[in-house]
Structure formats: structure tokens, C-alpha cells
Amino acid sequence: MGMTYEGIDEALGTWMGDQHVYFVATAPLDPSGHINLSPKGGPGTFQVLEPGRVAYLDITGSGAETIAHLRENGRIVITFCAFDGRPRIVRLHGRGRVHQLGDRAFDELIPAFAKAEVHQASVRSIIEIEVSRIADSCGYSVPLMSFEGLRPHADLWVEKRLDQHGPEGVLDYIRAKNVTSLDGLPAVDPDRLSRP
């Protein structure tokens with residue numbers, strides 16, 4: 001029923017890129033800490049860089065759990081599942097690294113996302129993952145659902161922040177809300193945060 005793969009080939013990469021939503025899970029080392037599962041999505045926000053290396057755009061939000069957990073221990077899994085067409089689930093287990101705004105690696109990786117349909121000012125980091133296990137499973141229990149479209153809320157929020165607070169508006173929000181995780185782990189480094 002399920003299969004493992006040596007690497008992400010063109011067909012698998014295209015299938016993952018076609019999914020409208022994917023899920024990212026991380027956890028702190030402390031067993032009493034909060035496990036995190038975040039939905040991600042948007043055309044072009046996930047990229048296969050090499051057969052065993054992927055990356056996605058990390059969009060500004062109210063929390064920064066993924067960043068904090070990766071800075072602490074690097075463990076991550078990304079799950080894709082088909083909500084239309086043939087049933088399928090694909091999981092990518094690996095070790096992730098955070099490249100936030102102001103990092104040279106961020107500047108080197110951002111061209112890979114030239115076709116991403118997100119407001120550039122909303123991007124707070126790029127998460128790069130060295131994939132150690134690629135596996136699929138049946139997905140028979142995942143419901144069939146229809147895609148209605150992208151929500152405009154994130155872009156509208158960014159525009160409002162920029163209008164009300166100037167070019168530093170989104171960065172100021174990140175500095176205020178994303179410096180630590182729910183468990184107090186360091187997340188975004190405010191001293192390195194900058195836009196070109």
C-alpha cells in the first residue's frame with residue numbers, strides 16, 4: 001500500500017506543487033512543550049530544490065513555533081494529501097533550517113520562489129529541509145473537497161500594516177510577536193531581521 005522513495009522526481013514534485021494546502025509539523029525537545037502543526041499553501045510557495053532538498057516560504061503569522069523548533073532541534077515533517085483526484089498522502093521527514101530575512105541564504109534561495117503568489121512583504125523566512133525519508137500512503141480516508149480559491153486576507157493585512165505603519169510595519173509586527181515560541185524558545189532573531 002505505502003511506498004518509500006529514494007528522491008523526489010519530477011512527477012512527485014509536480015504533484016506536491018499542485019496541492020493547494022500542505023501541513024508542517026514540528027515539536028520541541030521538552031516533552032511538556034507544545035507540538036505544532038501548521039497549514040501552509042499558495043501557488044509557488046513550496047519548491048523542490050534537489051531530489052532530497054526542498055524549501056517553502058514562511059509567511060508572517062501570529063506565532064513562530066516552526067522557526068523556534070527548527071532552531072532548537074531541526075526535526076520536521078511535511079505532509080501533502082490529495083483532496084481531489086486519486087487518493088494519496090505523501091510525507092517528507094527531515095531536518096530543517098531557518099533562513100530569515102537579512103540572511104545571505106535567504107537572498108540566495110528567494111529567486112526559486114519568483115512565481116509564488118504571495119505579497120513579498122509577508123515573507124519572514126525560508127524553511128529549507130534536507131529530506132531523510134519520503135513515503136506515501138493510501139489517503140483513502142481523506143475526504144474529497146473542492147478548491148474555491150485563494151483567500152485575500154494575508155495580502156490585505158500586509159497592505160494595511162504598510163499603509164498604517166510604513167515600510168517597517170510588518171517587520172515591527174514580527175519583532176513584537178515572533179521572537180519566542182509558546183514555550184519561550186527563541187524564534188525570529190530581531191537583530192538580524194531586515195529587508196533589502
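Summarising the geometry of Leu49 relative to Ala112, their closest heavy-atom pair is CD2-CB, 4.1 Å, with the distance given to 0.1 Å. Leu109 and His99 make their closest contact through CD1-CD2, 3.5 Å (heavy atoms, listed as atom of the first residue, atom of the second, distance). Of all the heavy atoms in Pro51 and Ile134, the pair that sits closest is O-CD1, 4.0 Å. Closest of all the heavy-atom pairs between Gln19 and Cys81 is OE1-O, 3.5 Å. Across all their heavy atoms, Leu171 and Ser194 have their closest contact at CD1-CA, 4.4 Å. Residues Arg175 and Val179 come closest through the heavy atom pair O-CG2, 3.0 Å.
Side-chain N/O atoms of Asp136 and Tyr5 include a donor and acceptor closer than 3.5 Å.
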What's the verdict on side-chain hydrogen bond (donor to acceptor under 3.5 Å, both in side chains) for Ser181 and Asp183, showing C-alpha distance, side-chain angles and the deciding distance? CA-CA 5 Å; Ser181 73; Asp183 301 314; 4.7 Å; no

Show your working on side chain to side chain contact (heavy atoms under 4.5 Å, CB included) between Val123 and Thr60 and close with a plain yes or no. CA-CA 6 Å; Val123 179; Thr60 300; over 6 Å; no

Output, in order, the C-alpha distance, side-chain angles, deciding distance and verdict of ring-ring contact (aromatic ring centres under 6.0 Å, His included) for Tyr56 and Phe46. CA-CA 4 Å; Tyr56 72 87; Phe46 175 85; 7.5 Å; no

Candidate pair Glu159 and His119, rule side-chain hydrogen bond (donor to acceptor under 3.5 Å, both in side chains), full reasoning: CA-CA 9 Å; Glu159 289 296 336; His119 196 299; 2.6 Å; yes

Could you go through Arg192 and Asp189, starting from their C-alpha distance and side-chain angles, then the distance that decides it, and tell me whether this counts as salt bridge (Lys or Arg N to Asp or Glu O under 4.0 Å)? CA-CA 6 Å; Arg192 296 194 345 253; Asp189 182 346; 3.2 Å; yes

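Under the 3.5 Å distance criterion, the side-chain polar atoms of Asp58 are left unmatched by any main-chain donor or acceptor of Ile126. For Thr79 (side chain) and Arg91 (main-chain N/O), no donor-acceptor pair under 3.5 Å exists by modelled atom type. Between the side chain of Arg71 and the backbone N or O of Ala187 there is at least one donor-acceptor pair closer than 3.5 Å. Checking side-chain atoms of Glu130 against main-chain N and O of Gly94 turns up no donor-acceptor pair under 3.5 Å. For the pair Asp103 (side chain) and Ala105 (backbone), a donor-acceptor distance under 3.5 Å is absent. Here the side chain of Asn178 pairs no donor or acceptor atom with the backbone of Tyr173 at under 3.5 angstrom.
Cluster annotation: Met16 is connected to Tyr22 through the hydrophobic network of ILVMFWY side chains, with a link wherever side-chain heavy atoms come within less than 4.5 Å. Side-chain heavy atoms closer than 4.5 Å link hydrophobic residues (I, L, V, M, F, W, Y) into clusters, and following such links, possibly through other members, connects Ile110 to Val118. One hydrophobic cluster, built from ILVMFWY side chains closer than 4.5 Å, holds both Met3 and Ile78. Cluster annotation: Ile8 is not connected to Phe23 through the hydrophobic network of ILVMFWY side chains, with a link wherever side-chain heavy atoms come within less than 4.5 Å. In this structure, Leu162 is a member of the same hydrophobic cluster as Trp157, with clusters built from ILVMFWY side-chain heavy atoms closer than 4.5 Å.
Expressed to the nearest 0.5 Å, how far CE of Met145 lies from CD of Glu148 amounts to 11.0 Å. To the nearest 0.5 angstrom, Trp15 atom CH2 is 12.5 Å from Asp9 atom CG.
Classification of the Phe147-His20 ring pair by plane angle, with boundaries at 30° and 60°, yields parallel.
Around CD1 of Ile35, the count of heavy atoms belonging to other residues, nucleotides or ligands within 6.0 Å does not exceed 12. With a 6.0 Å radius and a threshold of 12 heavy atoms from other residues, nucleotides or ligands, Glu6 has its CD atom at or below the threshold.
For the side chain to side chain donor-acceptor pair (under 3.5 Å) test with Glu128, the passing option among Arg97, Arg95, Gln47 is Arg97; the others fail. Of the options Ile59, Leu57, Ile127, Val24, a side-chain contact (heavy atoms from CB on, under 4.5 Å) to Lys40 is made by Val24 and by none of the others.
Under 4.0 Å is where a charged nitrogen must lie from a carboxylate oxygen, and between Arg104 and Asp107 no such pair does.
The closest side-chain heavy-atom distance from Ser146 to Asp84 is not below 4.5 Å. The shortest distance between side-chain heavy atoms of Pro43 and Glu117 falls below 4.5 Å.
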